[in-house]
Amino acid sequence: MSSSMKAFGALVYRFSTGVSLKSPNSFSIRGTVRLNKNLSSSSLYSSCAKWVAPVELQSVNSVRKIWTRGPLCMGRRSCKIAGRKGAQDAKKAKLYAKVGKEVVSAVKKGGPSPVSNTALAAILEKAKELDVPKEILERNIKRASDKGQEAYIEKVYEVYGYGGVGIIVEVSTDKINRSIAAVREVVKDCGGKTADPGSIMFKFKRARVVNVKVTDADRDQLLTIALDAGADDVIEPFIDEDDTEEDKSEKYYKIVSSSDNYVEILSKLREEGISFEPDNGYELLPLSLIEVDDEAMELNKKLMSSLLDLDDVDAVYTDQK
């Protein structure tokens, strides 16, 4: 080994063990910076302090201490807020996509004029109620005139999750074989099991639903508004005693009504300045809820999230508590 290589090796060793390295003309560095290479993602978010270590710079006349630190870390609260916003954006995107598919199918069957096409007129009225942007509707009306664009077919798949939980998957697709293959692949990969038609659907009922975050309305005020407007029921969310305020902010009251009273309920909520999320024409509500352990709950969440990521899937419902 050459003398230069030996000198370099000694230099590295002395730095790694914290021994001072002196330069005749400037300053010496004492101390060492230790970065934990085995940090998990959770520890990275929860404790950025592990990435901070002091290094002393000693010049000829003075000693100055500086701090070295790793990249700026996002805290748990910021991660949750980002996650919630992402989920809300995804939910809105699914709603717009579903309405767009309905527009295409209606135009394919009855033409682009809502005056002569009553089915299209009804969808456009519903889109207005759901605050769907006008440009999305216009784009899908134009898209329906493309020769290569087929009408959309609605399908429902039933799935067994973990812990006896039932899952309903609603699909709108212009390629039925593609949607069947995609749904089955996700169910298999996530450890679920496809069910025979009708074996899970009977556990749900179809209804018009307005969703209101628990943090956006007073419970008693909401009950009064809903019942005065003719709602059939107000379903309160299950709130665990260990839930934090952030956990509660992700839960919703569900105002259940018939189609006849739905618009009146939305109008009353707007008058009172209460924010809400409308349904996409209806929701499937479980007749009873199934409670599962934490492991099954997380596995079911992963399964449902993976299903919702599929382009052909419009909605996923479950009877998990």
Side-chain angles (χ1 to χ4, degrees), residues 87-88 90-103 105-106 114 118-133 136-137 152 154-158 166-172 200-238 250-289 304 308 313-321:
Q88 291 168 357
K91 185 176 180 180
K92 187 177 291 185
K94 284 290 182 183
L95 171 62
Y96 293 168
K98 179 176 174 59
V99 173
K101 293 174 184 178
E102 291 175 352
V103 168
S105 294
T118 56
L120 177 61
I123 293 169
L124 295 179
E125 187 62 31
K126 182 180 76 171
K128 183 179 178 181
E129 176 186 295
L130 299 175
D131 295 325
V132 178
I136 290 179
L137 303 174
Y152 284 89
E154 295 187 356
K155 292 283 291 183
V156 173
Y157 301 104
E158 300 174 47
I167 299 172
I168 303 293
V169 185
E170 290 188 338
V171 168
S172 292
I200 294 174
M201 183 63 80
F202 76 93
K203 299 179 180 180
F204 294 79
K205 67 177 180 179
R206 196 181 297 261
R208 297 303 308 268
V209 177
V210 187
N211 297 281
V212 179
K213 279 188 177 182
V214 295
T215 53
D216 287 343
D218 175 75
R219 174 183 174 277
D220 293 336
Q221 180 193 19
L222 190 65
L223 286 171
T224 300
I225 293 171
L227 296 177
D228 285 349
D232 297 332
D233 193 10
V234 177
I235 301 174
E236 299 184 39
F238 172 76
E250 299 177 31
K251 299 188 177 183
Y252 291 81
Y253 295 109
K254 288 184 174 291
I255 304 175
V256 184
S257 80
S258 64
S259 298
D260 295 337
N261 297 325
Y262 192 76
V263 175
E264 177 67 16
I265 293 170
L266 298 185
S267 178
K268 290 289 185 182
L269 291 172
R270 289 191 182 100
E271 288 177 9
E272 296 295 332
I274 296 176
S275 299
F276 60 85
E277 294 180 14
D279 59 27
N280 59 3
Y282 65 87
E283 280 191 22
L284 292 177
L285 300 176
L287 299 177
S288 60
L289 295 174
M304 291 185 286
L308 277 170
V313 172
D314 289 334
V316 175
Y317 302 99
T318 181
D319 57 3
Q320 177 173 284
K321 189 170 185 179

Who are the side-chain hydrogen bond (donor to acceptor under 3.5 Å, both in side chains) partners of [X], not counting sequence neighbours?
X	value
Asp319	none
Asn211	Lys254, Glu283
Tyr317	none
Ser105	none

Flag side-chain contact, heavy atom, 4.5 Å: [X] against [Y]:
X	Y	value
Lys213	Tyr253	no
Tyr262	Val210	yes
Ser259	Tyr282	no
Ile255	Ile225	no
Met201	Val156	yes
Val99	Ile136	no
Glu158	Ile168	yes

Worked verdict on Lys128 versus Val132 for side chain to side chain contact (heavy atoms under 4.5 Å, CB included): CA-CA 6 Å; Lys128 183 179 178 181; Val132 178; over 6 Å; no
With Asp279 via salt bridge (Lys or Arg N to Asp or Glu O under 4.0 Å) - residues at least two apart: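 Once residues adjacent in sequence are excluded, the partners of Asp279 under the salt bridge (Lys or Arg N to Asp or Glu O under 4.0 Å) criterion are Arg208.
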Which atom of [X] lies closest to which atom of [Y], heavy atoms considered:
X	Y	result
Ile235	Asp233	CG1-OD2, 3.9 Å
Val234	Ala226	CG2-CB, 3.7 Å
Ala121	Pro114	CB-O, 3.4 Å
Asn261	Ala229	CB-O, 3.8 Å
Ala217	Val212	CB-CG1, 3.8 Å

Atom pair CG/CZ of Leu222 and Phe276 - distance to nearest 0.5 Å: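 Rounded to the nearest 0.5 Å, the CG-CZ separation comes out at 11.5 Å.
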Taking atom CG of Leu284 and atom NZ of Lys203, what is their separation to the nearest 0.5 Å?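 Leu284 atom CG to Lys203 atom NZ measures 14.0 Å (nearest 0.5 Å).
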Side-chain polar contacts of residues 263-275 - donor-acceptor pairs under 3.5 angstrom, sequence neighbours left out - could you list them?
none

Please check: side-chain N/O of Lys101 versus main-chain N/O of Ser172, any donor-acceptor pairing under 3.5 Å?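 The answer is yes, because a donor-acceptor pair under 3.5 Å joins these two groups.
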Looking at Val316, Asp314, Val169, which one forms a side-chain contact (heavy atoms from CB on, under 4.5 Å) with Leu308?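 The option that passes is Val316.
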Check whether the side chains of Asp232 and Ser257 place a donor and an acceptor atom closer than 3.5 Å, and report yes or no.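 Asp232 vs Ser257: no donor-acceptor pair found between side chains.
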Between Glu170 and Tyr157, do the side chains contain a donor N or O and an acceptor N or O under 3.5 Å apart?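 Judged by distance alone, the side chains do not pair up.
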Checking salt bridge (Lys or Arg N to Asp or Glu O under 4.0 Å) for the pair Glu102/Lys126: CA distance, chi angles, key distance, verdict? CA-CA 11 Å; Glu102 291 175 352; Lys126 182 180 76 171; 2.7 Å; yes
